[in-house]
There are 2 protein chains.
Amino acid sequence: MKSDQITIVDIANELNISKSTVSRALTGHANVKAETRQKILELAEKLDYQRNMQSLSLITNKTNTIGIVLPEFSTSFFPQVVVGAQEEASKHGYSVLISQCNESYATEVANAKVMLANRVDGVMVSLTKETLNYDHWKVFIRKKIPIVFFNRVCNEIMVPKVVVNDYDAAFHAVEHLISLGRRRIAHLAGPRQLSISQKRLNGYCDALTKHGIPIDQDLIIDSDLSLNKIKMFVKFLVELENPIDGIFAVNDPTAIEAMQIIKKMNKRIPEDIAVVGFSDNYGSSFAEPSLTTVAQPVREIGKTAMELLLGLIGKDMEEWKPIIRTMEAKLMVRDSTVRSGA
Amino acid sequence: MKSDQITIVDIANELNISKSTVSRALTGHANVKAETRQKILELAEKLDYQRNMQSLSLITNKTNTIGIVLPEFSTSFFPQVVVGAQEEASKHGYSVLISQCNESYATEVANAKVMLANRVDGVMVSLTKETLNYDHWKVFIRKKIPIVFFNRVCNEIMVPKVVVNDYDAAFHAVEHLISLGRRRIAHLAGPRQLSISQKRLNGYCDALTKHGIPIDQDLIIDSDLSLNKIKMFVKFLVELENPIDGIFAVNDPTAIEAMQIIKKMNKRIPEDIAVVGFSDNYGSSFAEPSLTTVAQPVREIGKTAMELLLGLIGKDMEEWKPIIRTMEAKLMVRDSTVRSGA
DNA sequence: CTGTTAGCGCCTTCAG
DNA sequence: CTGAAGGCGCTAACAG
């Protein structure tokens, strides 16, 4: 059944005037006799008239819709980014089409197609952990549809990006562990293809080096952000001849999973092993012990990325400067490294 | 700058054939000479041609877009529902327009307008805690745009709904506390206008009554789902002359907040006070102690609501049965009520 | 101030 | 099998 949508023609017929007058009254772009305008507006209101954006976008070649493509929805990070982004978008009259990829590259490609089909005016993208090929995003460039990457960005495409100071934050996190006297600090690293993993790893290495601690490759464990193998990794690290006394994990879920295992192995946190995570996800503050982690300004990230994106729309491509906006992430010291007085 | 979108005309000109032929080849609805079709398809592929859905929807009066309106994005519940819903939608060729309301009624009304303006083919809605008036949703009915409510549903509108067995789950949760010998069980209730709050409250009351425990109004605290006043409430309950030995909270964040306060007051959980939450949000399993709670099949809820909604599209309104689909929520017993062996 | 006309991109008749 | 013509809802010229 087709739904009952009121059109300008309906209003024009009802009032016995021309469609153009109705259109003018509704848009306010031109002059209409006050009395006529009044009548039109009233009837429109009464009939819940809604301008058909589809036909409008046919004319303006704009949809006033922004696509947001995200790798996952299982932690609080991306939903919170969406909140910030959406707030900014709606402030400027844009709607938001959201797709979540379940960390699957194939889904990301499919979602890119959906965005194209929906003629979004721009896309805000964070890549899945599997993504190594960026052709599906290059199509957007070719079609002059602006992109802004955030968090998990693509270095091959020269567009604005929003990131946090991952390197510095990781560096400080590890220095924090060192300042507590830790010397055998392991890193549960993320997938190498993600620049955030790389930067956090670099921060880890450089902090160790700065403080004269040799980098032990055995203590750098590549995980894929899934939690299945963490148990094995942590067991290995704890049972080393020269066991670890600190862990810096690439994200909070990994850190928390590690903590659970450490506790089961009857080691104390932070006394035996201090643990630091990354992101300050929902739940990290009430884990036991509460997790020291790097807090990212989530909503700000979304807002900033959306601001940059909206700024690109309507500009010539030559003006798309590949700005990299770096937001401040800050270490939150909690009980997993320093016990607060009970 | 208008973006470079390829149209059927571009392809027709390039190949020196008529637009209608190109259209036919692209849709596959009619006969085109194999050779011509081949040429058209190849060129379309090469140019990244994407059918303009806007113009299509002008003709079909369908957008193949579903709106999802959510009260909040700050716990893991709604994002997970979205995952299930989106999976189902994309399986049927629908995109998803998502709006989150920050628990604000005004935003909900605005978001409803956005959905209308975008001519969504249907909406999946969960109400904010403030919503008492449903006129903005009744407009959809008047326009014959199908709605499915889920979780926080609206009883005034006769459309399909997806809920969990809140009453039973609450009843069992409280019986669980009673079976542990608790007799002074408090309920941190949600806003009364939400049917879920009401049902959970009823479950609480009936469980007590069944076991001959009088209902003490002092032990029923109305909260508004924000966490600000929880401290005061819990302090009150713990310092009562006849203090509590159990808490059933309307949701997990409330329960966890209560636990933090109880711990600060140097009461033991579960020995002194056992705590039960509702929803099994992300983080509840690694809180200390891990929280006994009612797990809801989140993705299933999203999937089911979307299925019902898609089933409504294209049907006459008379066929919209106000089915209420009740999903199974189940009690997850954890350390906040029964300590597992360390 | 208002009506008429054309056209956005596409699909669906209707004629060949 | 293919081309031409009309129209979806709306706006932007162009005339009055």
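A note on names: the letters A, B, ... follow the listed sequences, proteins ahead of strands, and every chain is numbered from 1.
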Identify which nucleotide among D:dT11, D:dG9, D:dC1 has an atom closest to any side-chain atom of A:Ile8, counting heavy atoms from C-beta outward.
-> D:dT11
Starting from P on C:dG9, measure out to CG on B:Asn13 and report it in whole angstrom.
-> 12 Å
Just do the ring pair (Phe, Tyr, Trp, His ring centres under 6.0 Å) check on A:Trp137 and A:Phe140 with the steps written out, would you?
-> CA-CA 5 Å; A:Trp137 297 122; A:Phe140 284 70; 5.3 Å; yes
Whole Å only: how far is the CG atom of B:Leu26 from the C1' atom of D:dT2?
-> 16 Å
How about A:Glu319: does its CD atom have over 12 heavy atoms from other parts shown lying under 6.0 Å from it?
-> yes
Atom CG of B:Leu116 and atom P of D:dG9: how far apart are they, to the nearest Å?
-> 16 Å
May I ask you to verify if any side-chain N or O of B:Tyr49 is less than 4.0 angstrom from the OP1 or OP2 atom of C:dC10?
-> yes
Nearest-angstrom distance from the residue atom NZ of A:Lys62 to P of C:dG9 | 16 Å
Let me know the distance between CG of B:Leu58 and P of D:dG6, rounded to the nearest Å.
-> 18 Å
Name the nucleic acid region contacted by B:Thr36, choosing base, sugar-phosphate or nothing; use a 4.0 angstrom heavy-atom cut-off, strictly under.
-> sugar-phosphate
Any A:Arg51 side-chain nitrogen or oxygen under 4.0 Å from OP1 or OP2 of D:dT11 | yes
Taking all non-hydrogen atoms of both residues, which atom of B:Cys101 and which atom of B:Glu108 are closest, and how far apart?
-> SG-CA, 3.7 Å
Taking for B:Ile6 and for A:Lys33 the nucleotide of DNA chain C with the nearest heavy atom, the one nearer the 5' end belongs to A:Lys33
Whole angstrom value for the distance that separates C1' of C:dC10 from CZ of A:Arg119 = 11 Å
For the pair made of CD in A:Gln38 and P in C:dC1, what is the distance, rounded to whole Å?
-> 15 Å
Contact nearer the 5' end of DNA chain D, comparing B:Ala34 with B:Ser55 | B:Ala34
Examine C:dG9: is either OP1 or OP2 under 4.0 Å from a nitrogen or oxygen in the side chain of B:Thr7? Give yes or no.
-> no
For nucleotides 3-7 of chain C, list the nitrogen or oxygen atoms of the protein found under 3.5 Å from its nitrogen or oxygen atoms, one pair per line.
{"from": "C:dG3", "atom 1": "OP2", "to": "A:Ser18", "atom 2": "N", "distance (Å)": "3.0"}
{"from": "C:dG3", "atom 1": "OP2", "to": "A:Ser18", "atom 2": "OG", "distance (Å)": "2.9"}
{"from": "C:dG3", "atom 1": "OP2", "to": "A:Thr21", "atom 2": "OG1", "distance (Å)": "2.8"}
{"from": "C:dG3", "atom 1": "N7", "to": "A:Arg24", "atom 2": "NH2", "distance (Å)": "2.7"}
{"from": "C:dG3", "atom 1": "O6", "to": "A:Arg24", "atom 2": "NH1", "distance (Å)": "3.1"}
{"from": "C:dG3", "atom 1": "O6", "to": "A:Arg24", "atom 2": "NH2", "distance (Å)": "3.3"}
{"from": "C:dT4", "atom 1": "O4", "to": "A:Ser20", "atom 2": "OG", "distance (Å)": "3.2"}

To the nearest angstrom, how far is B:Asn61 atom CG from C:dC10 atom C1'?
-> 15 Å
A:Thr21-A:Ser18 side chain donor-acceptor pair, cut-off 3.5 Å = yes
Within the distance-only criterion (no hydrogens, no angle test), does the side chain of B:Asp121 pair as donor or acceptor with the backbone N or O of B:Lys62 below 3.5 angstrom?
-> no
State, without any angle test, whether A:Thr128 and A:Glu103 hold a side-chain donor-acceptor pair at a distance under 3.5 Å.
-> no
Pair A:Asn102, A:Thr107: side-chain N/O donor-acceptor within cut-off below 3.5 Å = no
